[in-house]
Structures are given as structure tokens and as C-alpha cells.
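Below, all heavy atoms of this structure are taken into account, side chains as well, without hydrogens, waters or symmetry copies. Just so it is clear, the model here is predicted, and its values are computed rather than measured.
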Amino acid sequence: MNLLRRHPIAIALVALLLVTAFNPLPPLVDAVTGSAPGDVELERPALYTVLAPMSDTLDALTFFSLERARWALAVWALGLAAWGALRPGPVRRRVSLALAGPIGIVLLAGATVLLPRPVPRLVAADSGATIIDYHAHTEASHDGRSGWTWARLAAWHARQGFEASYVTDHNVIFNLRITDPIRLLPGVEWSVYRQHVVALGPVRPIARDSFGTSTPRMLRLFGELERQGAMGIASLPEYWRNHFEDLDAFVAAGADGFEIVNCAPKALGFPGPLRREVLALAEQHDLLVVGASDNHGWGQVTCVWNLSQAGAHGYRANRVVARPLALLQGEWLPWTAPVSQPWFMFRSLSWGERMSWLTWVLVILLYRAMPRRRGQAAGLGILARSLGEPGPAR
């Protein structure tokens, strides 16, 4: 009981790591079937596993939907501020502690989108499948990160196992021939009436104004892309939020497919039941379903990969595999996020990550529990020297 009273956070983490090991989540989920795919693997670099507390925490923050992120960050910041304010000590110390928590949350959020770090990569057993991204951006997009060139985008994809990616900047056609380190393919994301349409392949400029002002005018874009020899994919979150009752009209207008997973925070909240409706519609009409990193240069990891089969067309031409924590964003109410996101993160750990967490917790626990001699400065040397000292003679 004395250990629990002195180190409640460490003991709670150990308990959480052990309890969640009995009901783990798979590392990857097929977004169409909901099952764990047996022919792909999420390969984690050694440094990613060694630094698992940092790696997993930043991944979990990356995979927040916008609504859940607002709830979680607000509750965590307020909780830490209250904890600091209620600590014993002088007023100045309590004010400092109350401010430290929210500032730490802001710094953590900044690290999530900017800090370079090791990332997992997808490895597929099927050599005939191409691991591809259907929707990604460079600095040419109005909301792309400054300095996020096509070369940096290609390197970002290559680190995570992608072999190809379409470059789909907002209303700016990409048509460079890039093959190293991966193939970058031509595309664009057209912004039209309350909808973004990802155009893939040999795209030509359009008069965007002619596809504005109404849904029927917007839908004509799919026919125009077909005449150009390009594919038109309806993007998330726009068709979900603005046109979900019009999806049959999308099909009739010639849409080639739908995004069913998009890693952008504003799109990760796409509800599972609605995704299943889109899947049923796509299967009925033999349309393509895809996942999209929608990377703009912010964040280090993708939540989704596609395995595209050469020569195949329609619904069966592409498989979408995703991180389960990303798919769960649309299954749980936003206000549950402060508790459910950590819970799902711990359930997602591999055994290597779990052991890394336990090791870090126990090392820090031992360090904090180690008695210090008078005048001895704090530091890891205390723990090292203490562990190296011989025990008392018996």
C-alpha cells in the first residue's frame, strides 16, 4: 500500500499494461471486412520499439479525429492544471505547476506534427500488389506545409512501405515523372461545390466555376474526368458531411469510387455504420474504394495503406488496411476520448512495445524510489551506482 500511495501513476500504468494484454487489438484491420489481414505485417523499427512510450503516444495523438482531439486535449489540460493548483506548497509553486500541465499538452501536440521519429512500415506477402496512397499533398496546396516538396513527400511514403503515391494538390495538377524513392503519379484534388474530388491519372485543367453553385453542377465533374481519361474519387469528409443523401447521384454521374478511410483529423470521425453503407453501394456498382493518408506535411505516420492489384478494376481492385485506432474514431463518442484513446492505445501494443513500456516504467520507478544520500545530486548515476554496490555482508 505504501508503494501505491507513493507512486500511483507508475502502478496504474503497470496494471493497465497487464490488463490490456488480455484483450489486444490487431496491429492492422481490413477496412472492408473488419478482420485482421493475414498477408501483411506492420514492421516496427527497433528504435520505435525501444522508444515505445514516445512512439505510441505520438501515434495515438496523430490518429485523433478532430472532435475527439478537442475533448481529450481540453480535459487533459484542465485536469493537469487542477492537479497542479491543488498540490501542497507556496502559491507561486502551485501556479507554476498549474501552468506546466497545459503547456506540456501544447508541446506534446507540437511534437506530434513536427518531431522526426521512427515509424512503422507495411510489408506485404503478395509481391503482385502495389502498396499505394491515393491522396497526398505537397506545399503546392494552400494548406500544405511550407517546404514540403514532392521529394520529402516521397521519402515520407517510402519510410512507411509505400511503393507509389498519387500527388493530389488542391487545384494544382501534378504531372512530373518521379520514380525514386517511389513512383509519384499524376493527380489533383478539385475543390468544387461543397465537395472535393480526387482526380487520378491524365488530368487536364478545368473551369472550376462551371462545377460550382449546386450539387447537380458539381456532379458533372465526374463526366468531365471520364472524358479526360482520369478517375474521379469522392473525398472524405465532404461527401459524408455535405452529400451523403446524394451518393446514388454520385454513382449515376460517373464517380469511379469513394474514400472510405482518410487520415485527416476532420475525416477520421467518419462513422462505421456510414462506411458500411458506402461499401455496400460500391460493391453493388463495382466501384473502387480507397484509403487516403491525405498528408499535407504535418504528422509523421499514416493511418492507412492500399494494396492495389495490377490489371484489376472496380471493387476488388484495391484492399484498404488501416490502424485500428484510426477506425475506432468514428465508433466512439467524442466526449469519451480522454479515457478511450489511451485505452485503445494500450490495447494496440505489440508484445515488444508492451515490454518496452514496462521497462521504462520500472526504471523510472526504481530511480524515484532510490534513497539519496545527503549532498548527493539527483541523476541516473544514483541508480547506476546503487545497483552496482555490493549488498550487506551476511
Salt bridge (Lys or Arg N to Asp or Glu O under 4.0 Å) between Glu224 and Arg217, worked out: CA-CA 11 Å; Glu224 172 62 23; Arg217 289 171 66 90; over 6 Å; no
Ser55 side chain to Leu51 backbone, donor-acceptor under 3.5 Å: yes
Full working for side-chain contact (heavy atoms from CB on, under 4.5 Å) between Val203 and Gln228: CA-CA 6 Å; Val203 186; Gln228 294 182 5; 3.7 Å; yes
Main-chain N/O of Pro265 paired to Ser65 side chain as donor or acceptor, under 3.5 Å: no
N/O donor-acceptor pair under 3.5 Å between His157 side chain and Leu153 backbone: yes
Glu226, CD: over 12 other non-hydrogen atoms inside 6.0 angstrom: no
Donor-acceptor contact present, side-chain Arg94 to main-chain Pro88, <3.5 Å: no
Under 3.5 Å: donor-acceptor pair, side chain of Ser165, backbone of Ile132: no
Criterion side-chain contact (heavy atoms from CB on, under 4.5 Å) on Leu185 and Phe174, from CA distance to verdict: CA-CA 8 Å; Leu185 306 172; Phe174 178 86; over 6 Å; no
Note, Leu184 side chain near Leu176 side chain (heavy atom, < 4.5 Å): no
Pairing of Glu353 and Arg44 as salt bridge, 4.0 angstrom limit: yes
Value rounded to 0.5 Å, distance of CD1 in Ile206 from CG in Leu221: 5.0 Å
Nearest-0.5 Å distance, CD of residue Glu163 to CG of residue Leu122: 9.0 Å
Test item: side-chain donor near acceptor, Tyr134 and Asp294, under 3.5 Å: no
His170 side-chain N/O to Asp143 backbone N/O, donor-acceptor pair under 3.5 Å: no
Min side-chain heavy-atom separation Leu279-Ile260 under 4.5 Å: yes
Modelled atom types, side-chain donor and acceptor of Gln160 and Arg121, under 3.5 Å: no
side-chain contact (heavy atoms from CB on, under 4.5 Å) between Glu238 and Lys266, worked out: CA-CA 10 Å; Glu238 290 80 20; Lys266 62 183 180 181; 4.3 Å; yes
Between CG on residue Leu115 and CG on residue Leu107, distance to nearest 0.5 Å: 11.5 Å
Donor-acceptor contact present, side-chain Tyr239 to main-chain Glu259, <3.5 Å: yes
Rounded distance (nearest 0.5 Å) linking atom CG of Leu73 with atom CG of Leu108: 8.5 Å
Modelled atom types, side-chain donor and acceptor of Thr138 and Asp169, under 3.5 Å: yes
Evaluation steps, side-chain contact (heavy atoms from CB on, under 4.5 Å), between Val198 and Tyr166: CA-CA 10 Å; Val198 176; Tyr166 286 95; over 6 Å; no
Trp156 side chain vs Gln300 backbone, donor-acceptor pair below 3.5 Å: yes
Closest approach of Val304 to Phe162 (non-hydrogen atoms, all atoms of both residues): O-CZ, 3.5 Å
Leu247 reachable from Leu225 in the ILVMFWY side-chain graph, under 4.5 Å edges: yes
Within-4.5 Å side-chain heavy-atom neighbours: Thr130 and Leu307: no
Presence of salt bridge, Arg319 and Asp126, under 4.0 angstrom: no
Cluster overlap Val278 with Leu219, hydrophobic side-chain contacts below 4.5 Å: yes
Side chain proximity check, Ser235 to Asn262, heavy atoms < 4.5 angstrom: yes
Contact summary for Gly254 and Phe222, nearest pair of heavy atoms: C-CB, 3.8 Å
Aromatic ring proximity His142/His296, centre distance under 6.0 Å: no
Check: Leu288 and Phe258 side chains under 4.5 Å, non-hydrogen atoms: no
Electrostatic pair Arg241:Glu67 at N-O distance under 4.0 angstrom: yes
Non-hydrogen atoms of Ala337 and Trp76 that approach each other most closely: O-CZ2, 4.4 Å
4.5 Å side-chain heavy-atom contact, Arg227 and Arg204: no
Distance (rounded to the nearest 0.5 Å) between Thr57 OG1 and Trp357 CH2: 4.0 Å
Pair Phe211 and Tyr193, ring centroids less than 6.0 Å apart: no
Asp59 bridged to Arg323 by N-O distance under 4.0 Å: yes
Exam field: side chain Thr168 to backbone His135, donor-acceptor pair closer than 3.5 Å: no
Residues Gln329, Arg68; criterion side chain to side chain donor-acceptor pair (under 3.5 Å); working and verdict: CA-CA 8 Å; Gln329 299 305 294; Arg68 285 172 57 83; 2.9 Å; yes
Rounded distance [0.5 Å steps], CG in Leu200 versus CD in Glu189: 10.5 Å
His243 and Phe250 aromatic centres sub-6.0 Å: yes
Any side-chain heavy-atom pair of Thr302 and Asn295 under 4.5 Å: no
Check: Trp305/Asp133 side-chain N/O donor and acceptor closer than 3.5 Å: no
Closest approach of Thr336 to Leu333 (non-hydrogen atoms, all atoms of both residues): OG1-O, 2.7 Å
Side-chain donor-acceptor contact under 3.5 Å, Glu139 with Ser146: no
Same apolar cluster (I L V M F W Y, side chains within < 4.5 Å links), Leu97/Leu80: no
Transitive ILVMFWY side-chain link Leu274 to Leu328, under 4.5 Å: no
Least distance between heavy atoms, Cys303 atom then Leu268 atom: SG-CD2, 4.1 Å
Short side-chain to backbone donor-acceptor contact, Asp286 and Tyr315, under 3.5 Å: yes
Criterion salt bridge (Lys or Arg N to Asp or Glu O under 4.0 Å) on Asp56 and Arg354, from CA distance to verdict: CA-CA 10 Å; Asp56 299 322; Arg354 205 172 294 276; over 6 Å; no
Which atom of Ser340 lies closest to which atom of Trp332, heavy atoms considered: CB-CE3, 4.3 Å
Leu114 vs Trp298 side-chain heavy atoms within contact, under 4.5 Å: yes
Within one Ile-Leu-Val-Met-Phe-Trp-Tyr cluster: Phe64 and Ile105, side-chain cutoff 4.5 Å: yes
